Structure formats: C-alpha cells, structure tokens
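Down below is the structure, laid out as structure tokens.
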Amino acid sequence: MTSINPKPLSETAHPRQITAARFSRDGQVLTAVGFDSAVWRWQLTGNDLKPMPDIIGHRGWATALVFHPQQPWLITADSWGLLRCQTFAEDKPVTLWQHDTAHDGWVRQIAVSPDGKHIATCGRDRHLRLWDAATGKLIAHHKTTDDPYAITFTPDSRSLVFGDLRGHLEARDLTLKKSQRSFDASVLYKLDRLQDIAGLRALLFIDGGKTLLASGTTPQNGATPQSIPTIIFFDYATGKLTKTFTHGTNKEGWIHDLVAHPDGSLMAVTSGTPGSGMVFFTQPDAAAPSFIHAKLANCHALALHPDGKRIVVTSTNRDSNGNGKSLAKDGAYKTNSSPLTMFELV
C-alpha cells in the first residue's frame, strides 16, 4: 500500500507556472506545460531533476500533454489550437506530425488510447476530434452542446468518454456518431452571479474499466469561486452513481489532477483560494483520505513515476501575483512560478 506519510525528497525551482506534468513511460524524462509556449523538460538523475532544453514551436500557451503508451512520442497542444506529435528524449526533438489548426482555439485536453492507435482532443470550439496516432490523420469529429472539459478512452480502447461544462458525461464509439451511455455529474456545475462555474477537471477509469471517476469540485458560489474538492464514482456499465467523495472546505477548490496508483490508491492535488492547496491520497472505498499534505500552495499537477515509488507535485509560489498586484520597483510584473516537489512513497 502507498505510505500514509510520503517523504519529501527534493524541490526544483521553475520560473513559470505549470498546469500539467507527466513522466515518460521509461521514467527518465519529466515534461510539463503551463503559462508559456514552451514545453519544459527535466532529466531524472537519482532523485534530482536536471533541466533539459525547452521544446519550442507552440504559438500560444502549451495547454496539454500526453505520452504515447508504446512509442517514444510526446503529444502536446496549445491555446491557439495547435496539436503536435514529437520525440522528446533528444536535445532537439523531431516533429513527427503537426496540425496548426487542430481546433479553433484552446485545446483543453488530450487522451491517447491504451492500445496506442488513437489520440483524442477536446477544445474551446466545442469539438471532440479523433486522430490516428501514427500519422495524425483526422478520423472523426463530434460537435458538443457545451464546452468539453475532460476526455478519456475506455481501457479496452473501444470508446471515448467526455465531460462538459455542465457536468454531462457521455460515452461514444470511435466513429463519434453513436452515443453509448451518459452519466449525470451536474453536481460539478453551478450558475451563480451570472457566472458559469465548471467543476469538472479529469476523467479516470479504475477497476479495469468497471468504474468511471469524474473529479473536480462542487461549486458553492461565483465571483471569486469557492468550492469543495469532489470525486464522483459511476458504475460504467449502467451509468449509475455509486459514490460521491468530498474532502476539505470550500477554500480548497478544485481537484486539478487525479492519478491512480498501481496499488489501487487515488492520488489528488487541489487548488482553491490563493495560498490554499493540498496533496491527498485515498482508497476508492474510503470515506476520508489516508494521507494529507497541506504545506504546498495551489497545486495543479501530480506526476507519478513509472516505478510507483515517487511522485512530483507542481504547486505555486506563495507570494503569488496572480491576483493583479502592482508592478515591482523596476517596473516589471513578477509572474507566478511553480516549484516541483518530489516525494518518495515509502
């Protein structure tokens, strides 16, 4: 079982804010994206992260990334709609294919099928798109009613599941023409003070595909949103809600990343009001977390190393200027940054 008291191993400074991070399947490279056009990389040496040259070429913020499960490929996307497949281990990675306008604007998430044949994307243009992983050829697309926020494949690679602004979840076949079943996660949405609060952030299958998880937040109010971290469990075969897990106060906000450990534990990071944030572990059948670490501010990503013994959590500097503080004496605006904290799961 994952330890209830993970040991901090190291902290690596990073000058920009990170929103997503993942290890390569061989565990040698950590990659991240965030509020910049660069894709950042680190070589894992022991328990230290050594910076590698940035991958450049995105035009807007790099917004999403995923590693191919069999090939040494990294797929990334940005806020201007670009989608790209590239190598990642070399100092100068090679682009295998690229679509400058894969979506009309912001690409929110990328998923790759477990069999490695397909890539799926969802974006601000309300489209789902299915691509051939090897060639980048567009295979199918579907226009959604509301903005899609999360996307994943079923473990058998035969279906695509997405969730939208209002917490409507739906499974479709790979033609994207046939709806197979739907799930009600509307508790993750609220309209308040003329503001749509979209609580969904991630979809995840556990139990070999028997259970679908939708994670994010239960919104309490708008303006400066206050909300409670939430995980909703569905029986995938029937679409029925089986459990709702919440933890923390309305200051903790969103679960921004949810990862399943091979031992069955669920690992999550949260970000809410400025300065808040935590890492917590829980078991699928538990009513409360088995481990909580609340010393990091506004966490956005959790990368599990393939050895199952280490994680890297990205958080936000505590003197955050993301709330519109004035310029420094030299006239510069100090941007937020994201320290990377590595934990050993002993």
Side-chain angles (χ1 to χ4, degrees), residues 19-20 63-64 106-111 120 122-124 126 128 144-154 160-172 179 181-206 211-236 238-260 266-273 276-280 282 284 286-289 298-302:
T19 56
T63 56
W106 201 288
V107 181
R108 284 202 172 96
Q109 282 196 9
I110 309 171
C122 65
R124 180 70 174 77
R126 296 188 177 181
L128 309 178
T144 62
T145 303
D146 285 298
D147 290 3
Y149 270 71
I151 193 168
T152 192
F153 285 92
T154 53
L160 191 64
V161 182
F162 73 94
D164 67 21
L165 166 78
R166 299 178 189 274
H168 170 73
L169 312 183
E170 186 177 343
R172 287 185 168 259
S179 178
R181 60 181 59 83
S182 60
F183 312 81
D184 182 6
S186 57
V187 68
L188 303 181
Y189 167 80
K190 186 170 185 175
L191 174 63
D192 188 68
R193 304 186 194 188
L194 303 179
Q195 181 178 5
D196 286 306
I197 308 173
L200 178 65
R201 287 297 180 270
L203 295 172
L204 176 68
F205 279 97
I206 60 172
T211 304
L212 172 66
L213 308 184
S215 63
T217 197
T218 302
Q220 302 295 294
N221 61 267
T224 300
Q226 293 185 321
S227 53
I228 301 172
T230 303
I231 306 172
I232 303 175
F233 294 67
F234 293 98
D235 179 270
Y236 183 70
T238 65
K240 292 183 178 179
L241 174 70
T242 59
K243 177 182 176 180
T244 299
F245 174 95
T246 60
H247 175 68
T249 69
N250 59 10
K251 293 183 178 181
E252 266 69 57
W254 276 257
I255 293 176
H256 277 274
D257 207 357
L258 180 69
V259 177
L266 299 174
M267 304 184 294
V269 291
T270 75
S271 176
T273 56
S276 68
M278 61 181 166
V279 185
F280 72 83
T282 188
N298 300 101
C299 306
H300 284 88
L302 186 153

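On a predicted model such as this, the values are computed, not experimentally measured, just so you know. Throughout, numbering of the chain's residues begins at 1 and tracks the sequence.
Looking at Gln220, its side chain never comes within 3.5 Å of a backbone N or O of Ser227 through a donor-acceptor pair. Proximity of a side-chain donor or acceptor of Asp257 to a complementary backbone N or O of His300 within less than 3.5 Å is not detected. Proximity of a side-chain donor or acceptor of Thr152 to a complementary backbone N or O of Val161 within less than 3.5 Å is not detected.
Side chains of Thr211 and Asp235 form no contact here, defined as non-hydrogen atoms less than 4.5 Å apart. Taking the side chain as every heavy atom from C-beta outward, Leu266 and Ile206 approach each other to under 4.5 Å. Side-chain atoms of Thr63 and Thr19, non-hydrogen and from C-beta on, never get closer than 4.5 Å to each other.
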task: Just do the side-chain contact (heavy atoms from CB on, under 4.5 Å) check on Thr270 and Trp254 with the steps written out, would you?
output: CA-CA 5 Å; Thr270 75; Trp254 276 257; over 6 Å; no
- request: Assess whether side-chain contact (heavy atoms from CB on, under 4.5 Å) is satisfied between Ile231 and Leu258, documenting all intermediate values.
  value: CA-CA 9 Å; Ile231 306 172; Leu258 180 69; 3.9 Å; yes
- request: Apply side-chain contact (heavy atoms from CB on, under 4.5 Å) to the pair Thr244 and Val187, showing each step before the final yes or no.
  value: CA-CA 10 Å; Thr244 299; Val187 68; 5.5 Å; no
query: Do Ile232 and Leu241 pass the side-chain contact (heavy atoms from CB on, under 4.5 Å) test, and can you show the C-alpha distance, the side-chain angles, and the key distance before you say yes or no?
result: CA-CA 7 Å; Ile232 303 175; Leu241 174 70; 3.0 Å; yes
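Atom CG of Asp164 sits about 10.5 Å away from atom CG of Leu188, to the nearest 0.5 Å. How far CZ of Phe233 is from CG of Leu212: 10.5 Å, rounded to the nearest 0.5 Å. Going from atom CD1 of Ile228 over to atom CD1 of Ile255 covers 11.5 Å, rounded to the nearest 0.5 Å. Atom-to-atom distance recorded for Asn221:CG and Gln226:CD is 5.0 Å, nearest 0.5 angstrom.
Counting heavy atoms of neighbouring residues, nucleotides and ligands inside a 6.0 Å radius, atom CZ of Arg126 exceeds 12 of them. The local environment of NZ in Lys243 is crowded, with over 12 non-hydrogen atoms from other residues, nucleotides or ligands closer than 6.0 Å.
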Below 3.5 Å, can you tabulate the donor-acceptor pairs from side chains in residues 194-205 to any protein atom, sequence neighbours excluded?
from   : atom 1 : to     : atom 2 : distance (Å)
Gln195 : OE1    : Ala223 : N      : 2.5
Asp196 : OD1    : Tyr189 : OH     : 2.4
Arg201 : NH1    : Ala198 : O      : 3.0

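For Asp192, the side chain to side chain donor-acceptor pair (under 3.5 Å) criterion is met by no residue, not counting sequence neighbours. With sequence neighbours left out, the side chain to side chain donor-acceptor pair (under 3.5 Å) criterion links Ser271 to Asn298. Every residue two or more places apart in sequence or in another chain that forms a side chain to side chain donor-acceptor pair (under 3.5 Å) with His168 is listed here: Glu170. Ala64 meets the side-chain contact (heavy atoms from CB on, under 4.5 Å) test with Ile110; sequence neighbours excluded. Residues satisfying the side chain to side chain donor-acceptor pair (under 3.5 Å) criterion with Thr218, sequence neighbours excluded, are Thr230.
Nearest heavy-atom pair across Gly253 and Thr217 is O-OG1, 2.8 Å. Considering all non-hydrogen atoms of both residues, Ala214 and Phe234 come closest at CB-CE1, 4.4 Å.
Just one residue in the list His247, Lys251, Glu252 forms a side chain to side chain donor-acceptor pair (under 3.5 Å) with Thr249, and that residue is Glu252.
Taking the six-membered ring wherever Trp is involved, the centroid distance between the rings of Phe162 and Tyr149 does not fall below 6.0 Å.
In this structure, Asp147 pairs ionically with Arg108, as a charged nitrogen and a carboxylate oxygen lie closer than 4.0 Å. Classification of Arg166 and Asp146 as a salt-bridged pair holds, one side-chain N sitting under 4.0 Å from a carboxylate O.
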